[in-house]
Every structure is written in structure tokens, then in C-alpha cells.
Amino acid sequence: LSSSPLRDGTFHPIRSFSLIKRAMYSIVGVTTAAMLATSVSAFTVPSRSTARKAATFLRRNSSIRMSTEYDYDLLVIGGGSGGVRASRISAGHGAKVALLEGQLKHGAPNYSAIGGTCVNVGCVPKKLMVFAGRYPSEISEAAGYGWKGATAGTFDWKTFMEAKNTEITRLNNIYDGMLGNAGVDVIEGFGKFLGKNEVEVALSNGETKVLTAKNILVGVGGWPFKPDIPGIEHTITSNEIFYLEEQPKKIVIVGGGFIALEFAAIMDGLGSDVSVVYRGDLFLRGFDLDMREHLKEEMLANSKIDLQFNTDLTEIVKKDDGSFTVKTTDGKTIECDAVMYATGRNAKTDKLGLESAGVKTVKGGFIPVDDYSKSNVDNIYAVGDVTGRIALTPVALMEGHRLADTLFGGMDRKVDHEFVASTVFTTPEIGTVGYTEEEAAEKFKDITVYKSRFRAMKHSFPKSETYSLFKIIVDSKTDKVVGVHVATDGAGEMVQGVGIAVKMGATKAQFDDTIGIHPTSAEELVTMRSPSYHYKDGVKVE
């Protein structure tokens, strides 16, 4: 019993009803199922109530024994990617499910609404801003291709934000409808544990109610962390930047993670003056060192971003005209219109009352879980960013889906966090899957590294000094490719496909046997024949 969203995320009611009918036929046979379907023909759209009735029928006739002692078989706190997926799949298995979400529409004060951080103040609106920010650099190369007089024009912040808000509202509605059509009770309110099976819900209308559930899933995600320094109240985060009424002419971004770097590239592309302040030697800690250094070189050569390393903010002073003076640990000052902090995220668990249920947390409020996403309390689970594992939307989807299959689908599905592909949407993009060179040398000891740095045809023809870097890491003992790292245009699209091969255990010989697509940058992945260097017993050998 699935809502059966299409590839673009929209709900297909006819296909959904077809699934409902197939589920009923498979459980009770033709006659009974036909009787249940008489109120809706195969050519009409099933209502939410019809979907709920079908879900109830499935629960009563499912081979998985559901609870009658509690209000719900599964109560999900948090309507992000993991929570939504777990809810929908669990309901499809016949479970009675409710999902709590603080607000169903995006925007202040909670920013993240149904759909989670990704849909509301994360991946989706950020990627839209990435697209917008890249147009000027595209147009700057037009003259090299014979287009005379091409200019980027003027970016209208308000026009973009209005269109962005319309798109996010559309997605909010899709998520709400998708859950309803799957038979999930969506409740707008905040949950707080009273015990391991009891949750008090503060409803959006001001009322409260208590719900009970046999199993409870926490999927509340994270919240930006900001340090306690003078003037910190004047700063924004990756929440508020999507709702600024005006584009900052000058912005200081504090942090060295992918969020900080992505927004630095975005705002630079949109025409703002950008300063990145990072307390470390080099940003993107945890990524492959060659990729980090390459990105730094490209940012210095092809952007106007001011990179300041080994320094931090000590104070933010607001001036009478609304602008700011930022003071740093090395005695410098920076004048700006906005200060954005991207210095990590903590789990949003401080108001959940986890202690009432005996759920343990660690630094940052994260909930430790096992391979089945179970906390230290047998019936309480957690998925997504709140667990402090891998803070990526597709990972949360995987965790939520596997939990639902395990609890209600009669399957045994542990989570799998090895060879998770990801992308940093900077300019250039960094696409990565598998182990970094440093990690691979430590784990496999004997590795072979292949590297290629070049100007892609698109940039070499107009004589732009923009370079790509490709890197393959191979376990020398097995010849398996254990890491692929790419810094180039469209790296995310490229590495998604490569990730399948790496996950399947492809060898370097199999990469070499693959015929390249010419002319593309991606063919470099199957044409690198000569090793750049090796590691023996974890030690680099040139």
C-alpha cells in the first residue's frame, strides 16, 4: 500500500489505487477484494478516506501481527526524509502509523516543515540557488564561443525567493498528501516523551493530547550550532538565509564544512562580496586531501571569495545603519551586511523529554543507535541526522525504509553506510564515493592511486583557467576500486553512476575494460592506466 510517487515526487492516485487493489486481492482473494472496491471504480481517484480504509483492512489481515494495546503501531516524531519514508513504508506493510511534525508549511519560526531540512531549508532550495549562482560564470565564457555582448544581467533576489517559496510550498503539499494517501495520520504538533510508549503532543491549535505507540521513531533532525560570542544574536544560519528580504552586498560566512563552502560559492555567483572565515588550516575536513586543496586553488583562481584560514570571530558589532563590523582573533576587522554561521549542527532533541523514556544521548544531543537504528530502549528508534551517523538525505531514506521493512515487513534489514556517494555543490563540484586516500591507506595498507588534472574541453576552448581533478583509489591486493573522487562540472551526476560500480565491488581492470564516452570528462575514469603512486604497508611509495 504505497502512495506511489512519480519520479518528480508527485502522487499518482490511479497507480496508488491499483496498488491498493492488488494488495487486497493478494490477501483475501478476488471476491472479498472486489466487494471492498465497489465504491471506487478503476477510473476514479481514491480519496484519503478510501486509502485509510484500505490501510485499516490491510492491518487487520496482515500476516504481521499488529498491536491493539496502543493507539499506534508506530509513532514517528519528525516529518523529515527518514521519518516520512519510515511512515509510508510501515503503513504499506499494514501498520497503523502517525507522524508528528511541528509545522506543515515552511518558514519561520521552525523553518523545517513537512519534508524536513532537505526540502525546506536544505538540499532543494540550496540547489536552486546553486543553479542561479552559476549562470554568470557560464555567460562569462560565451565570448570564447563567438557570442558577442553576452552579459549576466542583474540578479533579482526577491523574484528568485518568491519562486523558491512557491516551489517549496508545492513540495510541502505533496509530502502531506503522499502520507495521507498512504494511510498515515499526519498531526501538526510537537511531541514530548512521557514514557517509552507515551508521547504528549502540543498541537498547533494550542491543545495537548497523549498518544501511545508500541514503537516510536525519532527523526527530528538537527539545528545549526552557533558559539556564544558577543553579537551572536545578529547572525544568521542556513535557516534564515532562505528568507532574507534583501540580498547581502557583503557577507561573512563562518565555517569550513560543505554548507559554508556551498553558500560561499552561491553568494559569490550571485554577486555578493564573500569572506570565508575558518579556524583551521584547510576546509572540508574529512574529504580527500587532494580534493580539498584543488577546491582551494580553484576558488582562489576563479572566484572573488576572500578565504581567511586559522582565524575565528571574536565579536560582531551592529552599527546604526544596520551593517556589521566583525572582529577576528588575528586582530582584523571585516565590514559586512550579514554574518552567516555554518559551524556544524546539533541534534534537535533538547525538548523531546528523552530522559522520561530512558533514551541515552551523546554530545550534541545525538541518539546512538545500533545497525537496526534502535536506541538503548528496545522500542525506540532513531534515523537521519539525529543519530549523528551520515547527515545526508538519501542515507536517512535508506535508514527509514530498512527500519520499516524490519519492524513490519517481515525482513531483516540492517543499515548500510559503506560506499555512500555524496557531492559538495561548490564551483567546481566535488563528487565522492568510498574511501579517501588517507582512509584507504590506513584500512587496506597496500593501495594504488591514479590521478589526472586537466582542463575540460568546455573551459579550454574559451581559454578559461578552470581545471578538473579525477582520482581513483584501488586496493592493490584485490584490485577493487575503493574510492573515486572527482572535482569538475556535474561531478554529482557523474559519481552517482560510478557509485553503483563501486558499491558492486568493481575492479580497476573492469573500469579499464569499460569503453569511454568521447568526448567527455567522465571518460577519464576509464582511461587512467598509469598509477600516480602506491602505498605499501600504509606508507606512500612514489
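Because the structure is a prediction, the values reported are computed rather than measured.
With sequence neighbours left out, Glu240 forms a side-chain contact (heavy atoms from CB on, under 4.5 Å) with Tyr111, Ile236, Thr237. Residues forming a side-chain contact (heavy atoms from CB on, under 4.5 Å) with Val498 (at least two apart in sequence, or on another chain): Val484, Val502, Phe511, Leu525. Residues meeting the side-chain contact (heavy atoms from CB on, under 4.5 Å) test with Asp371, sequence neighbours left out: Lys414. Residues forming a side-chain contact (heavy atoms from CB on, under 4.5 Å) with Asp156 (at least two apart in sequence, or on another chain): Lys158, Thr159.
Under a 3.5 Å cut-off, the side chain of Arg292 and the backbone N or O of Phe283 do form a donor-acceptor pair. With hydrogens and angles disregarded, no donor-acceptor distance shorter than 3.5 Å links the side chain of Asn346 to the backbone of Gly365. For Thr436 (side chain) and Glu439 (main-chain N/O), a donor-acceptor pair under 3.5 Å exists by modelled atom type. Distance alone, capped at 3.5 Å, is enough to place a donor-acceptor pair between the Lys503 side chain and the Glu418 backbone. Between the side chain of Asp405 and the backbone N or O of Gly409 there is no donor-acceptor pair closer than 3.5 Å. Of the possible donor and acceptor atoms, none in the side chain of Trp157 sits under 3.5 Å from a partner among the backbone N and O of Leu270. Using modelled atom types, no side-chain atom of Glu399 and backbone atom of Val383 make a donor-acceptor pair closer than 3.5 Å. Proximity of a side-chain donor or acceptor of Ser112 to a complementary backbone N or O of Thr117 within less than 3.5 Å is detected. No donor-acceptor pair under 3.5 Å is formed between the side chain of Thr387 and the backbone N or O of Ala382. Of the possible polar contacts, none joining the His417 side chain to the Arg389 backbone as a donor-acceptor pair under 3.5 Å is found.
Taking OG1 from Thr343 and CD1 from Ile253, the interatomic distance works out to 12.0 Å, rounded to the nearest 0.5 Å. The line from OG1 of Thr432 to CG of Leu284 is 10.5 Å long, rounded to the nearest 0.5 Å. Interatomic distance, CD1 of Ile266 versus NZ of Lys127, reported as 10.5 Å (0.5 Å rounding). Considering OG1 of Thr169 and NZ of Lys164, their distance stands at 8.5 Å, rounded to 0.5 Å. For the atom pair Leu100 CG and Leu211 CG, the distance stands at 6.5 Å (nearest 0.5 Å). Rounding to the nearest 0.5 Å gives a distance of 6.5 Å between CZ of Phe258 and NZ of Lys126.
A salt bridge links Arg134 with Glu429: the distance from a Lys NZ or Arg NE/NH1/NH2 to an Asp or Glu carboxylate oxygen falls below 4.0 Å.
Between the side chains of Ser323 and Asp337, no donor-acceptor pair of N or O atoms lies under 3.5 Å. Using modelled atom types and a 3.5 Å distance limit, the side chains of Asn120 and Asn172 yield a donor-acceptor pair.
The environment of CD in Glu167 is crowded: more than 12 heavy-atom neighbours from other residues, nucleotides or ligands sit within 6.0 Å. Around atom NZ of Lys192, no more than 12 heavy atoms belonging to other residues, nucleotides or ligands sit under 6.0 Å away. Within a 6.0 Å sphere centred on CD of Gln496, heavy atoms belonging to other residues, nucleotides or ligands number 12 at most. Within a 6.0 Å radius of NZ in Lys363, no more than 12 heavy atoms belonging to other residues, nucleotides or ligands are found.
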Show the numbers, then the answer: is there a ring pair (Phe, Tyr, Trp, His ring centres under 6.0 Å) between Tyr381 and Tyr372? CA-CA 8 Å; Tyr381 302 82; Tyr372 294 95; 9.1 Å; no
Test side chain to side chain contact (heavy atoms under 4.5 Å, CB included) on Ser238 and Arg345; report intermediate values, then the result. CA-CA 10 Å; Ser238 54; Arg345 296 169 67 86; 3.9 Å; yes
Worked check of side chain to side chain contact (heavy atoms under 4.5 Å, CB included) between Met178 and Val84: CA-CA 9 Å; Met178 182 168 59; Val84 167; 4.2 Å; yes
Using the rule given for side-chain hydrogen bond (donor to acceptor under 3.5 Å, both in side chains), can you reason through Asp71 versus Thr212, listing the C-alpha separation, both sets of side-chain angles and the distance that settles it, and then say yes or no? CA-CA 5 Å; Asp71 297 327; Thr212 61; 3.2 Å; yes
Kindly indicate, with the supporting measurements, whether the criterion side chain to side chain contact (heavy atoms under 4.5 Å, CB included) is fulfilled by Asp185 and Val97. CA-CA 6 Å; Asp185 291 339; Val97 183; over 6 Å; no
Side chain to side chain contact (heavy atoms under 4.5 Å, CB included) assessment of Leu203 paired with Thr208: CA-CA 6 Å; Leu203 300 170; Thr208 61; over 6 Å; no
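Side-chain rings of Phe263 and Phe242 approach one another, their centers coming within less than 6.0 Å.
For the side-chain contact (heavy atoms from CB on, under 4.5 Å) with Val433, the lone residue among Ile500, Val495, Thr423 that qualifies is Val495. Of the residues listed (Leu75, Leu407, Val76), the one engaging Asn215 in a side-chain contact (heavy atoms from CB on, under 4.5 Å) is Leu407, and it is the only one. Of the residues listed (Thr328, Leu313, Asp312), the one engaging Arg279 in a side-chain contact (heavy atoms from CB on, under 4.5 Å) is Asp312, and it is the only one.
Applying the side-chain hydrogen bond (donor to acceptor under 3.5 Å, both in side chains) test to every pair with at least one member in residues 245-254, sequence neighbours left out, gives these pairs: Gln247-Ser272, Lys250-Ser275. Within the structure, ring pair (Phe, Tyr, Trp, His ring centres under 6.0 Å) contacts touching residues 193-234 (residues at least two apart or in different chains) are His234-Phe324.
Within the 4.5 Å cutoff, the side chain of Ile187 has no heavy atoms near those of the Leu99 side chain. By the 4.5 Å heavy-atom criterion applied to side chains, Ile232 and Tyr341 are counted as neighbours. Put simply, the side chain of Thr325 does not reach to within 4.5 Å of the side chain of Ile334, judged on heavy atoms. For the pair Val218/Ile367, a side-chain contact is recorded, criterion being any heavy-atom separation below 4.5 Å from C-beta on. Taking 4.5 Å as the limit, every side-chain heavy atom of Lys374 sits out of range of all side-chain heavy atoms of Val369.
Annotation: cation-pi pair Lys214/Tyr70 absent, no NZ/CZ under 6.0 Å from the ring centroid and within 45° of its normal.
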